[in-house]
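Everything below concerns the one structure shown next.
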Amino acid sequence: MATTSLETMIGTLFTAPADAAVKAEAGYRRIWADWLEQTRDLVGQNNVAALQQMMPQAPVMKFSGVLELTLSMRVASISQVDGSLSLGAGPITVSGGYFRQSSEESALTARGTFTLTNSEVDLTTYLSRMGLTPTDPASLTKAIDTLRGKAP
């Protein structure tokens, strides 16, 4: 049976939405890098002018929503004690056994409602905020590498 501390479960409940938002943005960057590579392959490595004309067609990223999470746990405890007792004094002996078993169970429910949103951003704006403008093959490759997290 798996056991997890209550602190870990509650911590996960309240950090999961932020982790999801970070992973969503990483997914956006991967999608943009793929789009840049595929478009570069379509228009040609050296045709950056055509690529710049196509930049408005890149996917625009925005997420917004309400996330409701509920965590339910069943907390159970079972204990059992077995034993025996034997007393003797001279010709008289008394013996017996005892057994005790107890169990407890409770349920815990924790809920969180989160509103997640970011501003709409297009690829050109995102790259310019990072100081990147694909104007030649080298800067295009640098933009792709940066979006993939490979830039120095």
Side-chain angles (χ1 to χ4, degrees), residues 1-84 97-152:
M1 179 190 312
T3 60
T4 303
S5 73
L6 182 60
E7 292 86 3
T8 300
M9 296 300 287
I10 298 299
T12 300
L13 176 69
F14 288 106
T15 59
D19 285 339
V22 170
K23 289 179 180 157
E25 187 172 331
Y28 294 166
R29 288 190 303 270
R30 179 193 50 77
I31 290 166
W32 277 332
D34 290 348
W35 185 88
L36 278 174
E37 281 183 326
Q38 291 171 12
T39 305
R40 177 190 61 191
D41 293 346
L42 286 172
V43 299
Q45 173 75 26
N46 296 318
N47 196 353
V48 179
L51 178 70
Q52 286 178 333
Q53 289 178 347
M54 295 182 78
M55 289 291 276
Q57 297 176 29
V60 175
M61 303 299 181
K62 177 184 175 83
F63 68 83
S64 179
V66 175
L67 179 63
E68 294 184 21
L69 298 176
T70 302
L71 169 69
S72 296
M73 294 176 55
R74 188 180 115 214
V75 182
S77 170
I78 298 175
S79 63
Q80 179 175 326
V81 178
D82 291 314
S84 63
Y98 62 90
F99 173 80
R100 183 181 65 147
Q101 183 177 18
S102 65
S103 66
E104 297 175 27
E105 182 174 301
S106 61
L108 168 72
T109 301
R111 292 185 180 143
T113 301
F114 306 90
T115 301
L116 301 172
T117 187
N118 71 352
S119 57
E120 186 174 285
V121 64
D122 61 72
L123 179 56
T124 303
T125 303
Y126 192 87
L127 289 175
S128 68
R129 287 178 184 165
M130 295 178 13
L132 299 168
T133 305
T135 56
D136 56 56
S139 62
L140 176 59
T141 299
K142 182 178 179 184
I144 292 168
D145 289 345
T146 300
L147 289 170
R148 292 206 187 282
K150 298 178 184 178

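Between L147 and L127 the shortest side-chain heavy-atom distance falls below 4.5 Å. Counting only heavy atoms from C-beta outward, the side chains of W35 and L123 approach each other to under 4.5 Å. Put simply, the side chain of T124 does not reach to within 4.5 Å of the side chain of T133, judged on heavy atoms. Looking at heavy atoms from C-beta onward, L69 lies in side-chain contact with P17 at the 4.5 angstrom threshold.
By the side chain to side chain contact (heavy atoms under 4.5 Å, CB included) test, I31 pairs with P59, M61, sequence neighbours left out. By the salt bridge (Lys or Arg N to Asp or Glu O under 4.0 Å) test, E68 pairs with no residue at all, sequence neighbours left out. By the side chain to side chain contact (heavy atoms under 4.5 Å, CB included) test, S72 is found to be paired with T70, T109, residues two or more places apart in sequence or in another chain being considered. Partners of D136 by side-chain hydrogen bond (donor to acceptor under 3.5 Å, both in side chains), not counting sequence neighbours, listed by chain and number: S139. Under the side-chain hydrogen bond (donor to acceptor under 3.5 Å, both in side chains) criterion, Q38 pairs with no residue at all, not counting sequence neighbours. Residues forming a side-chain hydrogen bond (donor to acceptor under 3.5 Å, both in side chains) with T125 (at least two apart in sequence, or on another chain): D122. Listed by chain and residue number, V75 satisfy the side chain to side chain contact (heavy atoms under 4.5 Å, CB included) test with S106 (two or more places apart in sequence, or in another chain). Contacts of W32 classified as ring-ring contact (aromatic ring centres under 6.0 Å, His included), with partners at least two apart in sequence or in another chain: Y126. Take T8 and apply the side chain to side chain contact (heavy atoms under 4.5 Å, CB included) test, not counting sequence neighbours, and it matches T4, S5, T12.
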Mind running side-chain contact (heavy atoms from CB on, under 4.5 Å) on L67 and T113 for me, showing each step along the way? CA-CA 6 Å; L67 179 63; T113 301; over 6 Å; no

Taking it one step at a time, do Y28 and N118 satisfy side-chain contact (heavy atoms from CB on, under 4.5 Å)? CA-CA 12 Å; Y28 294 166; N118 71 352; 4.2 Å; yes

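Residues in residues 47-66 take part in no ring-ring contact (aromatic ring centres under 6.0 Å, His included) pair, two or more places apart or across chains. Residue pairs meeting the salt bridge (charged side-chain N to carboxylate O under 4.0 Å, His left out) criterion with at least one member in residues 33-57, sequence neighbours excluded, are R30-D34, D34-R148, E37-R148.
A distance of 9.5 Å separates CG of L140 from OG1 of T39, quoted to the nearest 0.5 Å.
Listed for the K62 side chain is no donor-acceptor partner under 3.5 Å among the backbone atoms of V121.
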Pair up each side-chain donor or acceptor in residues 45-57 with any protein partner under 3.5 Å, not counting sequence neighbours, and list the distances.
residue	atom	partner	partner atom	Å
N47	OD1	A50	N	3.2
Q52	NE2	P134	O	2.7

